[in-house]
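In this text the structure is predicted, and so the values were computed from the model without any measurement. Sequential numbering from 1 along the given sequence is applied to the chain's residues.
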Amino acid sequence: MALSSLKDTDERGFLDGQFLIAMPGMQDGDFARAVVYICAHSLAGAMGFIINRPQNISFTDVLLHLKLCDQTEAIMLPDQTRDFPILSGGPVETGRGFVLHSDDFLSESSIPVSEEISLTATLDIVRAIGEGRGPARATMLLGYAGWGPGQLETEIVGNGWLTCPATEELIFDRVLEGKYERALALLGIAPEMLSSEAGHA
């Protein structure tokens with residue numbers, strides 16, 4: 001399922017630009033305590049990224065793997081570049097990289113997902129970040145979360161997810177610890193208020 005194909009549909013889904021926050025009863029290990037940013041939702045399905053799962057790989061590793069720098073250049077990278085966050089975006093196409101970023105960086109392959117946020121999945125943005133000329137705010141994700149037609153709606157009705165409008169601050173917040181709790185706080189909810197049988201907020 002491609003983001004571009006979802007974005008090509010005329011109708012925007014009601015979950016476009018929303019956070020999904022996993023309920024305690026979520027049995028799927030990929031999504032337990034997950035916060036998902038939905039980039040596209042339509043009758044064709046939905047696509048988004050988990051924004052609170054660390055990935056056991058560094059941005060330097062990515063640059064070396066893609067041959068965008070050599071070992072000597074990697075040592076010279078500034079801390080801000082070396083510390084650029086890499087997250088596990090979801091269980092689909094986990095070998096594929098995506099960059100969610102502020103709209104101050106655009107290439108021919110960039111896809112706007114909101115008024116302020118774009119998605120780019122090509123080497124040009126990785127190269128730009130490595131050279132210190134990338135977007136002001138960005139995070140890289142390996143893999144994504146995808147749902148077929150009606151699948152996500154069924155999970156929400158089945159009490160799998162809470163939803164709320166996404167915030168740029170939380171999407172790009174590099175502190176992953178406690179991000180689940182901070183997402184719940186957007187709804188005025190503390191984790192201890194939830195049970196696996198709770199209703200929707």
List the steps and the verdict of side-chain contact (heavy atoms from CB on, under 4.5 Å) for Y37 and I50. CA-CA 6 Å; Y37 173 52; I50 301 171; over 6 Å; no
To the nearest 0.5 Å, atom CD1 of I38 lies from atom OG of S114 at 13.5 Å
**Message:** Please determine whether side chain to side chain donor-acceptor pair (under 3.5 Å) holds for the pair S110 and T120, giving the CA-CA distance in whole Å, both sets of side-chain angles, and the decisive distance to 0.1 Å.
**Reply:** CA-CA 5 Å; S110 297; T120 305; 2.6 Å; yes
So OG of S88 and CD1 of I57: to nearest 0.5 Å the spacing works out to 11.0 Å
Looking only at heavy atoms, the pair that brings F98 and A121 closest together is CD2-CB, 3.8 Å
Taken to the nearest 0.5 Å, the spacing of E153 CD from L43 CG works out to 8.0 Å
Next on the checklist: Can you confirm whether the side chains of H101 and E116 place a donor and an acceptor under 3.5 Å from each other?
Outcome noted: no
Check: Same cluster or not: are L170 and L119 linked, directly or through other Ile, Leu, Val, Met, Phe, Trp or Tyr residues, by side-chain heavy atoms under 4.5 angstrom apart?
Finding: yes
Rounded to the nearest 0.5 angstrom, the CZ-CG distance for F49 and L100 is 5.5 Å
- Between S107 and D124, does any side-chain donor sit less than 3.5 Å from a side-chain acceptor? yes
Smallest heavy-atom separation, P165 atom then Q18 atom, equals N-OE1, 3.4 Å
If we ignore hydrogens and angles and just use 3.5 Å, is the side chain of T139 paired with the main-chain N or O of F172 as donor and acceptor?
no
Take F19 and L186, measure what side-chain contact (heavy atoms from CB on, under 4.5 Å) needs, and give me the verdict at the end.
CA-CA 10 Å; F19 281 148; L186 295 173; 3.9 Å; yes
**M140-L68 co-clustered via ILVMFWY side chain contacts under 4.5 Å** = yes
Nearest heavy-atom approach of P135 to I129 is CD-CG1, 4.0 Å
Shortest non-hydrogen pair, D104 vs A136, comes out as OD2-N, 2.9 Å
Rounding to 0.5 Å, atoms CG (D16) and CE (M47) come to a distance of 12.0 Å
*Candidate pair V99 and F105, rule side-chain contact (heavy atoms from CB on, under 4.5 Å), full reasoning*: CA-CA 11 Å; V99 179; F105 178 97; over 6 Å; no
**Prompt:** Side-chain contact, heavy-atom cut-off 4.5 Å: I86 with S58?
**Reply:** no
The residue among I156, L162, V35 that forms side-chain contact (heavy atoms from CB on, under 4.5 Å) with L20 is I156
When rounded to the nearest 0.5 Å, the distance separating CD of E131 from CG of L63 is 9.5 Å
Verdict with supporting geometry, V126 and F59, side-chain contact (heavy atoms from CB on, under 4.5 Å) | CA-CA 9 Å; V126 180; F59 188 65; 3.9 Å; yes
Tell me whether D70 at atom CG has more than 12 heavy atoms from other residues, nucleotides or ligands lying less than 6.0 Å away. yes
Q) Does V36 share a hydrophobic cluster with F14, counting links as ILVMFWY side-chain heavy atoms below 4.5 Å and allowing steps through other members? A) yes
In terms of heavy-atom contacts, I21 and Y180 come closest through CG2-CE1, 3.6 Å
Notebook entry, point to check: Can L106 be reached from L123 by stepping across I, L, V, M, F, W or Y side chains whose heavy atoms are under 4.5 Å apart?
Noted result: no
TODO: Give the cluster check for L141 versus L176: same hydrophobic cluster or not, with ILVMFWY residues linked at side-chain heavy-atom distances below 4.5 Å.
DONE: yes
Heavy atoms of E168 and I117 approach each other most closely as CG-CD1, 4.3 Å
Around E177, counting heavy atoms of other residues, nucleotides and ligands shown, do more than 12 lie under 6.0 Å from its CD?
no
Can you tell if the side chain of R82 reaches within under 4.5 Å of the side chain of T60, non-hydrogen atoms only?
yes
Exercise. Passes salt bridge (charged side-chain N to carboxylate O under 4.0 Å, His left out), R182 versus D173? Steps please.
Worked result: CA-CA 10 Å; R182 294 196 296 282; D173 188 344; 3.0 Å; yes
Exercise. Give a yes-or-no answer on whether the side chains of E155 and W147 include a donor-acceptor pair shorter than 3.5 Å.
Key: yes
(message) Please check: side-chain N/O of D30 versus main-chain N/O of P91, any donor-acceptor pairing under 3.5 Å?
(response) no
